[in-house]
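Below you'll find the structure, written out as structure tokens, and then a few comments.
All values derive from a computational prediction rather than experimental measurement. All values below come from the heavy atoms of this structure, side chains included, with hydrogens, waters and symmetry mates left out. Residues take their numbers from the sequence shown, with the count starting at 1.
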Amino acid sequence: MDKNGGLVLATERYGSGQTWKYSVSDGVMKRTRDGSEAGLRSHSVVELFKSVFLPQGYPESVSSDYLQYQFWDTLQAFSSSLSGTLATQASLRGVGVGNQEATVAAATVTWLLRDGTGMLGRILFAWRKGSKLDSEAKKWRLFADVLNDIAMFMEILAPHFPACFTLIVCTAGIFKSIVGVAGGATRAALTVHQARRDNMADISAKDGSQETLVNLAGLLVSLLLIPLVTDNPVLTLSLFFLFTVLHLFANYKAVRSVVMETFNEARLSIVMQQYLKDRRILSPSEANQREPVFLQFGKATPVKLGVRLQDVAQSPEELNLALKENNMPFLLGIRNGCICVCLGTDASVRDEIRAMCQAACVSNILSCPTALKSTQQNLWEVVHESQKQMDAHFSPFLKGVKAAGWDTERTLLDWDEWRVEWKTKNS
């Protein structure tokens, strides 16, 4: 029975929102909402806001880290919008806006050169680093925003160096083109992570709506700032540095809030190293907190995945050493201080995870203070020792990571495209 004395026949709700009841009274079926009148009005406003700016089915349709990431991403977008206003004003002044001696042709040439160099930079960066953006989305996302701040700082300084103005703005244009590629691609990778119902398009569309709202707010604030900073370089730089600090802090918090359940090289190495240390499996949340979010240009023992056979073995003897007691569809070797993994044509996702785990095991052995002197023969002994450790520990490790919530059906490991078929002694 409901509060009006009718018999409740059914209840329904839209997602996780308001509940409705179907009741019958005097032979008539009625549909009514649960809750007080005031509560219903406030709930309607919240539901309207959610339907406009959040994906359908929120929060069930997105990852658990969605709201925290979007909060920090919104804050960084707002501060970046204000910094961009200051940079744009400086660029316009540099090309001659407000200067009677400046010509339209000179300003047009400068603008075209900036856009042209930016286009070339976009193509070159996508060619060289495009495959890295999926596996290292957090690092490249943060890198893109740092580079964007550097580019805007250059644009603000450019008018004070008229002799080098074109060179500075063209360099800044290249940086911004890299930002466009890295930022857009990593945002797409994060959208795939956030989508829990294959609703990437909806999440992307609502992210665009959120960004538009933030840019509109930034535009209104910029209208108040422009009269204050015009012909005042000290205030311009002061505000720029304030917005930049806020921008970088918000970006750091945003990428730190992301909890990815798929393995890339860093996360898998962290989990494997911890397991080798004390047999404890880190949860996705714990491993993501330990994952470095800044690009590292000098790793102690770099790992190359999907290399050519000659990067692992350069002679029949070395190939025999690589195949010794190895029935897995991958070969692992150490060459020039780098751990190289050669993948077979029939390797599965499980084999890829095991290969990376063995590489992490080799790195762990090499980093030990009591490690053998790095002769080539001793390095093969390290490889064989890592194989024994994998034989003993990989199966329980894989069961453990599945139980901890990791997705082992796919990975974000950065494999190159080389695949090799080799002959074993028995073939």
(request) Could you tell me whether the side chain of S269 and the main chain of E265 form a donor-acceptor pair under 3.5 Å? (result) yes
(request) Quick one: pull up CG in L82 and CG in L219 and give me the separation to the nearest 0.5 Å. (result) 10.0 Å
(message) I need the F153 CZ to F241 CZ distance, nearest 0.5 Å.
(response) 4.0 Å
(request) Applying side-chain contact (heavy atoms from CB on, under 4.5 Å), run through M152 and S80 and close with a yes or a no. (result) CA-CA 10 Å; M152 288 190 289; S80 180; 4.3 Å; yes
(message) Keeping S177 on the side-chain end and I174 on the backbone end, is there a donor-acceptor pair under 3.5 Å?
(response) yes
(message) Given 3.5 Å as the limit, does a donor-acceptor pair link the side chain of R267 with the main chain of E291, or not?
(response) no
(message) Nearest 0.5 angstrom please: N264 CG to S135 OG, how far?
(response) 6.5 Å
(request) Considering non-hydrogen atoms only, spot the tightest contact between S363 and T301 and give its length. (result) OG-CB, 4.0 Å
(request) Starting from the C-alpha separation in whole Å, work towards a yes-or-no answer on side-chain contact (heavy atoms from CB on, under 4.5 Å) for Q70 and D207. (result) CA-CA 8 Å; Q70 292 302 122; D207 183 65; 3.2 Å; yes
(message) Within this structure, what is the CZ-CE distance for the pair F263 and M272, rounded to the nearest 0.5 Å?
(response) 10.0 Å
(request) Could you tell me whether R279 sits above the aromatic face of Y275, with NZ or CZ closer than 6.0 angstrom to the six-membered ring centre and within 45 degrees of the axis? (result) yes
(message) Taking the side chain as everything from C-beta on, heavy atoms only, tell me whether L246 gets closer than 4.5 Å to F78.
(response) no
(message) To check you understand the geometry: which heavy-atom pair defines the closest contact between V214 and A77, and what is its length?
(response) CG1-C, 3.8 Å
(message) Would the distance check show the side chain of S51 and the main-chain N or O of E47 forming a donor-acceptor pair, the cut-off being under 3.5 Å?
(response) yes
(request) With rounding to the nearest 0.5 Å, note down the distance linking CD in Q387 to CD in E385. (result) 10.0 Å
(request) Over all heavy atoms of both residues, which pair between T186 and L133 is shortest? Give the atoms and the distance, please. (result) CG2-O, 4.0 Å
(message) Donor-acceptor pair, distance only, cut-off 3.5 Å: does the side chain of D73 make one with the backbone of Y69?
(response) no
(message) Tell me if a side-chain donor or acceptor on N336 pairs with a main-chain N or O of C338 at a distance below 3.5 Å.
(response) no
(message) Strictly distance-based, threshold 3.5 Å: is any side-chain N or O of D202 a donor or acceptor partner for the main-chain N or O of P55?
(response) no
(message) Any heavy-atom pair between the side chains of D416 and K304 that's under 4.5 Å?
(response) no
(request) For Q68 and D65, indicate whether the former's side chain and the latter's backbone hold a donor-acceptor pair under 3.5 Å. (result) no
(request) May I have the step-by-step check of ring-ring contact (aromatic ring centres under 6.0 Å, His included) for F330 and W415, ending in yes or no? (result) CA-CA 12 Å; F330 62 85; W415 291 94; 8.1 Å; no
(message) What I'd like to find out is whether the side chain of K206 reaches to under 4.5 Å of the side chain of L54, using heavy atoms alone.
(response) no
(message) Run the side-chain contact (heavy atoms from CB on, under 4.5 Å) test on E286 and Q274 for me, step by step, so that the C-alpha distance in whole Å, both residues' side-chain angles and the decisive distance to 0.1 Å come before the verdict.
(response) CA-CA 11 Å; E286 292 173 314; Q274 186 66 46; over 6 Å; no
(request) State, yes or no, whether a side-chain contact exists between W72 and F249 at a heavy-atom distance under 4.5 Å. (result) yes
Output side-chain donor-acceptor pairs under 3.5 Å for residues 405-412, partner residues at least two apart or in another chain, one line each.
from	atom 1	to	atom 2	distance (Å)
W406	NE1	L282	O	2.9
D407	OD1	E409	N	2.9

(request) Look only at the side chain of S61 and the backbone of Q56, and say whether a donor-acceptor pair between them is shorter than 3.5 Å. (result) yes
(request) Mind listing the closest non-hydrogen atom pair of L319 and A313 along with its distance? (result) N-CB, 3.6 Å
(message) Please verify the inter-ring angle class for F143 with F125; under 30° counts as parallel, over 60° as perpendicular, anything in between as tilted.
(response) parallel
(message) Check this for me: E421, atom CD, are more than 12 non-hydrogen atoms of other residues, nucleotides or ligands nearer than 6.0 Å?
(response) no
(request) Step by step, work out the salt bridge (Lys or Arg N to Asp or Glu O under 4.0 Å) result for E211 and R187. (result) CA-CA 13 Å; E211 187 172 348; R187 183 67 189 108; over 6 Å; no
(message) Do V258 and L190 have side chains that approach each other closer than 4.5 Å (heavy atoms only, starting at C-beta)?
(response) yes
(request) Flag the pair I150 / V146 as yes when at least one side-chain heavy-atom distance between them is below 4.5 Å, and no otherwise. (result) yes
(message) For V420, give me all partners under side-chain contact (heavy atoms from CB on, under 4.5 Å), at least two apart in sequence or on another chain.
(response) L309, C342, W422
(request) Output, in order, the C-alpha distance, side-chain angles, deciding distance and verdict of side-chain contact (heavy atoms from CB on, under 4.5 Å) for V271 and F397. (result) CA-CA 10 Å; V271 176; F397 170 78; 3.7 Å; yes
(message) Restricting to non-hydrogen atoms, name the atom on V312 and the atom on L332 that form the minimum distance, rounded to 0.1 Å.
(response) CG1-C, 3.9 Å
(request) Measure from the side-chain N and O atoms of R196 to the backbone N and O of H193, and report whether any donor-acceptor pair falls under 3.5 Å. (result) yes
(message) Within the 4.5 Å heavy-atom criterion, are I168 and P159 side-chain neighbours or not?
(response) no
(request) Could you verify whether a donor N or O on one side chain and an acceptor N or O on the other, from S63 and E261, lie under 3.5 Å apart? (result) no
(request) Look at E318 together with R335 and state whether they make a salt bridge at an N to O cut-off of under 4.0 Å. (result) yes
(request) Check side-chain contact (heavy atoms from CB on, under 4.5 Å) between D391 and all other residues, then give those that pass, not counting sequence neighbours. (result) R354
(message) Check this for me: D346, atom CG, are more than 12 non-hydrogen atoms of other residues, nucleotides or ligands nearer than 6.0 Å?
(response) yes
(request) Indicate yes or no: at least one non-hydrogen side-chain atom of L366 is less than 4.5 angstrom from one of I334. (result) yes
(request) Examine the side chains of S348 and D351 and answer whether a donor and an acceptor come within less than 3.5 Å of each other. (result) yes
(message) To check you understand the geometry: which heavy-atom pair defines the closest contact between A144 and V179, and what is its length?
(response) O-CG2, 3.2 Å
(request) State the CG-CG distance between L413 and D134, to the nearest 0.5 angstrom. (result) 12.0 Å
